[in-house]
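One-based numbering, in listed order, for ligands and for the atoms of each. Nothing here was measured: the structure is a model prediction, and the numbers come from that model.
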Amino acid sequence: MAKQRVLSGVQPTGNLHLGNYLGAIRNWVDGQNQYDNYFCVVDLHAITAPHNPATLASDTYTIAALYLACGIDLQHSTIFIQSHIPAHAELTWLFNCITPINWLEDMIQFKEKAIKQGQNVNTGLLDYPVLMAADILLYEPDKVPVGEDQKQHIELTRDIVDRFNHLFATPKEPVLKSPDALIRKDGARVMSLTDGTKKMSKSDPSEQSRINLLDTPDEIAKKIKRCKTDPIRGLTFDDPDRPEARNLLTLYMILSGKTKEEVSAECADMGWGQFKPLLTETTIQALQPIRQKYKEVMDEKGYLENILKEGREKAAEVANATLTKVKKAMGYSLPV
Ligand code: AMP
Ligand code: TRP
């Protein structure tokens with residue numbers, strides 16, 4: 001039997017942080033040999049907020065290199081860059097014309113980002129989930145591993161599938177295939193180091209709020225030393241009034257590979273002064289191999305470029321076949 005297919009992507013806005021790693025990429029790595037995987041760097045998404053043209057290309061390569069550094073294995077996975085495959089933008093246009101505007105206005109992430117960007121809301125920000133639907137549906141994946149915050153966008157993708165198939169196909173022979181979101185419980189929502197009720201995010205202006213995968217041990221130590229805690233002695237996962245305790249214990253649990261029970265018992269009588277050095281050491285140990293592998297990938301000239309070229313060729317073949325199917329169903333004349 002053919003393996004099920006997986007597709008996912010991350011935006012090249014700045015560095016990857018622990019939230020991206022634990023919420024998304026680690027799941028990709030863990031499951032990868034069960035699936036046929038496609039992982040893209042979604043650089044078309046990156047310009048929905050003001051971006052820096054001088055760093056867009058290098059940021060894109062950094063993310064691709066981090067995929068490899070985090071353990072994506074080319075035996076099971078294809079890595080590519082979204083903008084290298086024009087079918088993503090083309091399918092977005094076709095989907096735009098069947099997607100009601102109010103579906104997009106209802107997206108939580110749009111509302112949040114629109115508030116943040118104030119006067120600066122462009123059409124791309126509203127349209128972003130349609131581009132994401134195109135990213136996904138071009139590859140006909142069974143599963144889309146993402147963090148909790150992307151769940152609504154996957155639901156929208158499924159709504160677009162239903163609407164498209166309803167308009168342009170028959171129930172017996174659907175053109176598009178609905179994917180399922182793959183969301184892990186632990187790590188699905190890593191919180192900010194400065195506020196345990198807010199998601200750790202690339203767009204938070206404070207560097208102190210997140211740990212980046214390429215932070216030096218020194219930077220990691222400083223951030224954990226200064227991170228927000230509470231005045232209570234004894235640490236627990238389960239007190240809803242202690243979001244920081246839950247977040248930091250969860251990070252420790254995942255990064256150390258211990259179970260919740262083990263961590264609960266180990267930390268039940270600890271104060272923060274004792275816990276913080278433990279979390280620091282564990283985090284540095286967990287991220288060290290990623291930093292090392294990243295350096296190796298970047299140091300070998302031409303290596304990454306070759307991988308991305310092969311990835312583009314393989315991905316384009318799948319994407320173009322789906323695009324052709326979609327255009328045919330919509331009644332377009334196809335070039336001979
Ligand atoms: P983004 O940084 O928005 O491009 O997100 C890339 C991936 O990381 C998506 O699958 C997100 O759901 C996931 N992600 C981003 N921030 C977090 C977080 N704080 N906790 C868990 N997952 C996250
Ligand atoms: N919107 C996703 C995020 O911010 C990134 C993304 C774009 C994506 N296209 C995708 C994720 C396709 C999974 C599949 O995290």
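- At a 3.5 angstrom cut-off on N or O pairs, Val146 does not count as close to ligand 1.
- Considering both main-chain and side-chain atoms, His153 never comes within under 3.5 Å of ligand 2 through any nitrogen or oxygen pair.
- When only interatomic distances are considered, the shortest N/O to N/O separation between Asn20 and ligand 1 falls below 3.5 Å.
- The shortest N/O to N/O separation between Gln150 and ligand 1 does not fall below 3.5 Å.
- Residue Asp149 places at least one N or O, backbone or side chain, under 3.5 Å from an N or O of ligand 1.
- Of all atoms in ligand 2, numbered sequentially from 1 with element shown, those under 4.0 Å from a heavy atom of Leu7 are 12 (C), 14 (C).
- Where the criterion is an N or O separation shorter than 3.5 Å, residue side chain and backbone included, Ala24 fails it with respect to ligand 1.
- Atoms of ligand 2 found under 4.0 Å from any heavy atom of His45, numbered from 1 in the order shown, are 7 (C), 9 (N).
- Taking the six-membered ring for Trp and thresholds of 30 and 60 degrees, Tyr67 and Phe39 have ring planes more than 60 degrees apart, a perpendicular arrangement.
- For Val10, no heavy-atom contact with ligand 2 is shorter than 4.0 Å.
- Atom CG of residue Asn212 and atom CE of residue Met200 lie 8.5 Å apart, to the nearest 0.5 angstrom.
- Contacts with ligand 1 closer than 4.0 Å are made by heavy atoms of both the backbone and the side chain of Met200.
- Closest to atom 15 (O) of ligand 2 by heavy atom, among Gln150, Gln11, Gln82, is Gln150.
- For Tyr128, a nitrogen or oxygen atom sits less than 3.5 Å from a nitrogen or oxygen atom of ligand 2, counting backbone and side chain alike.
- Ile232 and Phe275 end up in different hydrophobic clusters when Ile, Leu, Val, Met, Phe, Trp and Tyr side chains are linked at under 4.5 Å.
- At least one heavy atom of His17 sits closer than 4.0 Å to an atom of ligand 1.
- Here's the thing with Val10: none of its N/O atoms is less than 3.5 angstrom from an N/O atom of ligand 1.
- Heavy-atom proximity to Val144, at under 4.0 Å, picks out these atoms of ligand 2: 13 (C), 14 (C).
- Checked by distance only, ligand 1 and Pro145 stay at 3.5 Å or farther apart across all their nitrogen or oxygen atoms.
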